[in-house]
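Here is the structure we will look at, set down as structure tokens.
Note that the structure is a prediction, hence the values are computed from the model and not measured. Numbers for residues simply follow the sequence, beginning at 1.
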Amino acid sequence: MTTAEAAELLGVRSDSVHGMKADGRLKVVGKGKNGVNLFLRRDVESLKVQRLKGRRVVPEQGNFWSSTLATCDDCPLRTKVADLERRLAAAEQKAAVSDDKARRAMVAMNAAVIGE
């Protein structure tokens with residue numbers, strides 16, 4: 001694939017593809033006419049999948065342990081992520097309560113200053 005084709009498949013501009021090449025996410029496999037960079041379609045498609053999955057690395061096909069870990073409901077990683085998500089939700093709720101208290105205190109203070 002050319003840089004333009006890779007950019008179209010990824011839904012980005014050509015200069016973004018050049019950046020991905022520069023930081024090692026895409027590997028140039030050859031040069032086309034007029035010195036155009038060429039990329040393997042499977043590399044570009046793999047990068048697209050990674051971008052769609054929230055920039056998480058997708059396990060390679062045939063890697064049993066990685067694919068098992070990604071699909072296992074009882075695996076330690078999935079359990080840890082679920083625990084962290086619960087803790088995050090609790091922290092967000094606590095922050096919302098604190099914001100509400102601060103907002104009410106500010107309204108009361110403004111009312112006292114204005115003399116209402």
Side-chain angles (χ1 to χ4, degrees):
M1 304 185 82
T2 65
T3 301
E5 292 168 336
E8 185 177 338
L9 182 65
L10 292 168
V12 298
R13 298 183 328 190
S14 294
D15 59 337
S16 297
V17 174
H18 290 295
M20 293 173 192
K21 175 188 73 168
D23 66 16
R25 288 183 281 168
L26 278 177
K27 180 181 175 186
V28 176
V29 294
K31 296 283 185 178
K33 293 181 181 179
N34 300 324
V36 176
N37 290 322
L38 297 176
F39 305 95
L40 290 176
R41 176 174 287 280
R42 71 170 183 238
D43 291 346
V44 176
E45 289 174 348
S46 175
L47 183 58
K48 182 176 182 176
V49 169
Q50 289 176 13
R51 289 171 50 85
L52 292 175
K53 294 241 181 199
R55 302 183 192 273
R56 291 185 218 163
V57 176
V58 178
E60 294 177 24
Q61 286 184 325
N63 186 339
F64 175 78
W65 295 111
S66 293
S67 60
T68 302
L69 183 64
T71 59
C72 173
D73 289 332
D74 299 330
C75 69
L77 181 60
R78 187 174 298 268
T79 304
K80 186 169 184 165
V81 168
D83 180 51
L84 290 173
E85 287 173 344
R86 280 191 297 274
R87 290 172 56 191
L88 176 62
E92 288 173 341
Q93 184 177 14
K94 187 175 178 181
V97 169
S98 294
D99 286 347
D100 187 46
K101 286 181 182 178
R103 191 175 300 112
R104 288 180 187 203
M106 185 63 78
V107 168
M109 186 174 70
N110 287 339
V113 169
I114 295 172
E116 292 182 3

Using a 4.5 Å cut-off between side-chain heavy atoms of Ile, Leu, Val, Met, Phe, Trp and Tyr, which other residues end up in the same hydrophobic cluster as V12?
M1, L9, L10, V17, M20, L26, V28, F39, V44, L47
Side-chain donor-acceptor distances from residues 93-103 under 3.5 Å, at least two apart:
| from | atom 1 | to | atom 2 | distance (Å) |
| --- | --- | --- | --- | --- |
| S98 | OG | K94 | O | 3.2 |
| D100 | OD2 | R104 | NE | 3.2 |
| D100 | OD2 | R104 | NH2 | 3.4 |

Distance-minimising heavy-atom pair for A4 and S14:
CA-OG, 4.2 Å
Calculate, to the nearest 0.5 Å, the distance between atoms CZ and OG belonging to R25 and S16 respectively.
8.5 Å
Tell me whether E5 at atom CD has more than 12 heavy atoms from other residues, nucleotides or ligands lying less than 6.0 Å away.
yes
Euclidean distance, L40 CG relative to E45 CD, rounded to 0.5 Å
10.5 Å
Do K31 and N37 make a side-chain contact, defined as non-hydrogen atoms from C-beta onward lying under 4.5 Å apart?
yes
Closer than 3.5 angstrom, by distance alone: can the side chain of N34 be matched with the main-chain N or O of V36 as a donor-acceptor pair?
no
Going from OG1 on T3 to CG on D15, what distance comes out if it is rounded to the nearest 0.5 angstrom?
11.0 Å
